[in-house]
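Sequence lines set the chain letters: A, B, ... in the order given, protein chains first and strands last, and positions in each chain run from 1.
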Amino acid sequence: MKPSAEQLLAAIRGLPLPKVRLMEVCGTHTMAIAEAGIRSLLPENVKLLSGPGCPVCVTPAEVIDAVLTLAMEKNLILASYGDMIRVPGSIPGDSLQRRRALGADVRVCYSPMDALDIAEANPAKEVVFLGVGFETTAPGTAAAVLSAAERGLSNFSVWSMLKTVEPALRALMAMDGFNVQGFLCPGHVATILGEEGFRFLPQDYGMPAVISGFEPEDILLAVYKLLRQIADGAPKVENEYTRAVRPEGNPLAKAVMAKCFTPRRDLWRGLGEIPQSGLGLREELAAFDAEKKFGVEIPGPAKTACRCGEVITGRMDPTGCPLFGSRCTPEDPVGPCMVSSEGACAAWYKYSDQ
Amino acid sequence: MDDIITLDYGSGGKKTARLIENSIVPALSNPALNALTDGAILGDLVFSTDSFVVDPIFFPGGDIGELAVCGTVNDVSVCGAVPQYLSCSFIIEEGLPLADLERVIASMKSACEKAGVQIVTGDTKVVERGRGDKLYINTAGIGKLKYPGLSPAKIREGDAVLVSGTVGDHGTAVMLARSGMMQTELKSDCAPLNRLCAAILDTGAAVRVLRDPTRGGVATTLNEFVEGTVLGIELTEGAIPVRPAVKAACGMLGLEPLYCANEGKLLAVVAPEDAESVLAAMRSLPEGENAAQIGVVTAAAPGKVLMKTALGGRRVLQKLAGAQLPRIC
C-alpha cells in the first residue's frame, strides 16, 4: 500500500537536510503542486522551483510575434492548442485572441488531428497547426503530419515549435548560478522517453532524479525520494510513476517521432539558443513544414520587461518580477508564464495567498 | 483596458466586470442598475434580462430554448421574486432549419410550464447567413418580490455556504458536446430554480443571499459575494459535490469544475444555525438532492475565497480571469 500524504510529509520533515532546491520541469506538475497547496505543507528547508516545463512559457516573444504575423495571412486558418491563444508577443495585449477579434481565423484544437479535419473541411484554405510542446505532444503531431501525407492533404502544414527536454536541462545546468539539487522529472514526457531518457542526470551531472506522477501523493513521494537520494549522497534515476512509465519508454511513439522530425537548434525563452533542442520536420516532409511553406522569419530578440526567462530557469520567484500582479495578471498578461494554465506565474498568482 | 472587445469580455469573469463598471454603469447610472444584482429591484417588482448564444444550440441535457427560459427565471428567482412573465426575442441566421426552431420553441414551452411562467411578448429578426450563428435568443422576465432583502451585504462571519448540487455539469457537458471528443452520460443541469428558491425561503431561515453560479462558475460567484468586504469564504475541497465524469472531463479539457458554468444550481449563504434546515429543504426536491455545505464565512481572509485542499494545504480561488469556455450560455 502506498503511504498516505500525512506519512510522507512526516517522513520529509524527519529528514535532516540543509536547504535544498528541487525543480520540476513539467507544467502539469506546476499546477498540481499549486492546486494541492504542497508548498505550504513542505518544511522551510525544501524549496520547489518551476523549471522550463511549460511549452508555451519557453516560446520566446519574437516567435509569438512571427505567429501573429502569420495569423493575418489571407485564406489561412491557424489551429492551435488553447494555451497559445492569449499569449502576447512583444507588445502586451497583442495575442492570437486579439488578432482573432480583428479578423484572423484562429481555431482552438485539442489535438493535431482536429486541425487535419479542419484542413479536410476547408480545401480552399491553408491550415497551419502550431505544434507546441515537448516529447509528450510530439508523437501526436508526427502522426498528424504522416496522416496528412498519406491522405494527400496539400493545404495542411505544421509549424513545429516542439522541443526536447534533455538539451534544455543540460543548458540549464550549465548556466552560471544554477542552484538546484534534484529534478522532479516529468511523468508524461517519461512515458515516451522512459527512465533511460533521464539517466544523463545522475551519470553526467551527479544529479538526483525522480520520475513523478501527478497526484499530490505522487509528488510528495517523489520529493521524499529526491531528499533521500540527497541525504544518502547517492544520485540515480528513480521511477515513482511505474504505473505509466516503463524503463524503455514507448518505442512506437519514439519511432513515429523519428520518422517525422529531426533535431535542430531552437530558441528558448530564458535559455536562448540551444543546439539540437528543437524538432524540425524532416526534409522529405518539407511540403508540410509551415515555416518553409510561408517563408516564416523570426524577428530579432524582442525587448520586454517580463522576467519569465529568469523564473523558468529557477533564478527568480514569480513575485520577484516587478510586473507580477501589477502590470502582469492572468487577465492582462505580459509574459507567457502568466497566461498558460501551466505557467509558473499563473499558478503562483492563482493559488498562492498573496 | 483593451481598445477592442475580445472574448474575455464575455467570460463572466474579471473583464466582464471591468466592462460593466468602466463603460456601462457610469453612462447609464441609476440606483436600480448600480446595485448590479441579478435583476433590478423596482419596488415590489424584479426585472431581469439575459441573452443566449450557446453553441451548439442542442446539447446533452437541454437546448438554447430551455436555457433561455431557465436563465431568466433563475435570475429573477434568486432576487427573492416569483417569476411570472417573460419576453422572448429570436435572432435567427438565415438557413436555420424550421424544424430546429420549432424544436427550440417546444422546449421553451415545456420549460415555461415547468417554471410556471408565460412568454407574453417577443420579437423575431433574421440576419444574413454568416452574420450570426444559427440562433441567438434574448429573454427578459418580471416577477413579484416575495422575499425582499437578499444581499451579499447581509453575510456575517460564521455563516454557512451551501450549494444545491453537483458543480460544473453544464459547462462541461457543452464543452464535451463541442469537442466531440467523448460520449458520456454527462448532461447539462439546465433547470428552473424558482421552486427551489421558494422552498429555501419558505423555511423562514436567515438566508443572506442566493445566486445561480452561471458563467464564471462557483469560484467567481463566491468571490463576488466577498470582494471588497472584511469577510472571506473558506471552502473544504472534499465537501464540494463534483460528478466523477465532470472531474475526468475537466482534467482532459484543461478546465476546473469550480469555474465551469452551472444552469440549474444555487449557491446560498445562510446563518449557521439554519444550515441543516435549508439543506433539508433543498434535498426535498429533485433539483436539490445533492445539496451540501461546502464552506463557511470567515473573517480570517478578508475579501478572499480560500480552498482547504484534501492534503490540508490552502490556496486562493480567484475570479475567472479570461474566457474559459467559449459560448456556453
| note | Bottom line for Ala34(A): the part with an atom under 4.5 Å from chain B's heavy atoms is backbone
| In terms of heavy-atom pairs under 4.5 Å with chain B, which of Arg100(A), Glu35(A), Glu6(A), Met31(A) leads? | Glu35(A)
| said: So for atom CZ, which belongs to Arg131(B), do other residues, nucleotides or ligands contribute more than 12 heavy atoms lying within a distance under 6.0 Å? | reply: no
| query | Roughly how far apart are Arg314(B) CZ and Leu41(A) CG, rounded to 0.5 Å? | reply | 10.0 Å
| field | Criterion side-chain contact (heavy atoms from CB on, under 4.5 Å) on Asp332(A) and Asp2(B), from CA distance to verdict | value | CA-CA 9 Å; Asp332(A) 287 308; Asp2(B) 301 299; 4.2 Å; yes
| note | Cut-off 4.5 Å, heavy atoms of chain B, and the answer for Ile85(A) is neither
| said: So, using disulfide (SG to SG under 2.5 Å) as the criterion, who are the partners of Cys308(A) when residues are at least two apart? | reply: none
| message | Quick check on Leu15(A): does its CG atom have over 12 non-hydrogen neighbours (other residues, nucleotides or ligands) under 6.0 Å away? | response | yes
| message | Between Met175(B) and Tyr110(A), is the side-chain contact (heavy atoms from CB on, under 4.5 Å) condition met? List the steps. | response | CA-CA 11 Å; Met175(B) 277 305 281; Tyr110(A) 280 101; 3.4 Å; yes
| task | Measure across Ser40(A) and Gly313(B) and return the closest heavy-atom pair with its distance rounded to 0.1 Å. | result | OG-CA, 3.7 Å
| said: Could you check whether any side-chain heavy atom of Asp8(B) comes within less than 4.5 Å of a side-chain heavy atom of Arg86(A), counting everything from C-beta outward? | reply: yes
| task | Starting at OG1 of Thr6(B), measure out to CZ of Arg99(A) and round the result to the nearest 0.5 Å. | result | 14.0 Å
| task | Starting at CD1 of Ile4(B), measure out to CG of Leu102(A) and round the result to the nearest 0.5 Å. | result | 4.0 Å
| task | Over all heavy atoms of both residues, which pair between Pro216(A) and Leu311(B) is shortest? Give the atoms and the distance, please. | result | CB-CD1, 3.4 Å
| If you measure from the Lys or Arg side-chain nitrogens to the Asp or Glu carboxylate oxygens, is any gap between Arg98(A) and Asp3(B) under 4.0 Å? | yes
| said: Can you give me the closest heavy-atom contact between Lys14(B) and Tyr349(A), atom names plus distance? | reply: NZ-OH, 3.7 Å
| Relative to chain B, which of Ala36(A), Ala5(A), Ala101(A) shows the most heavy atom pairs under 4.5 Å? | Ala36(A)
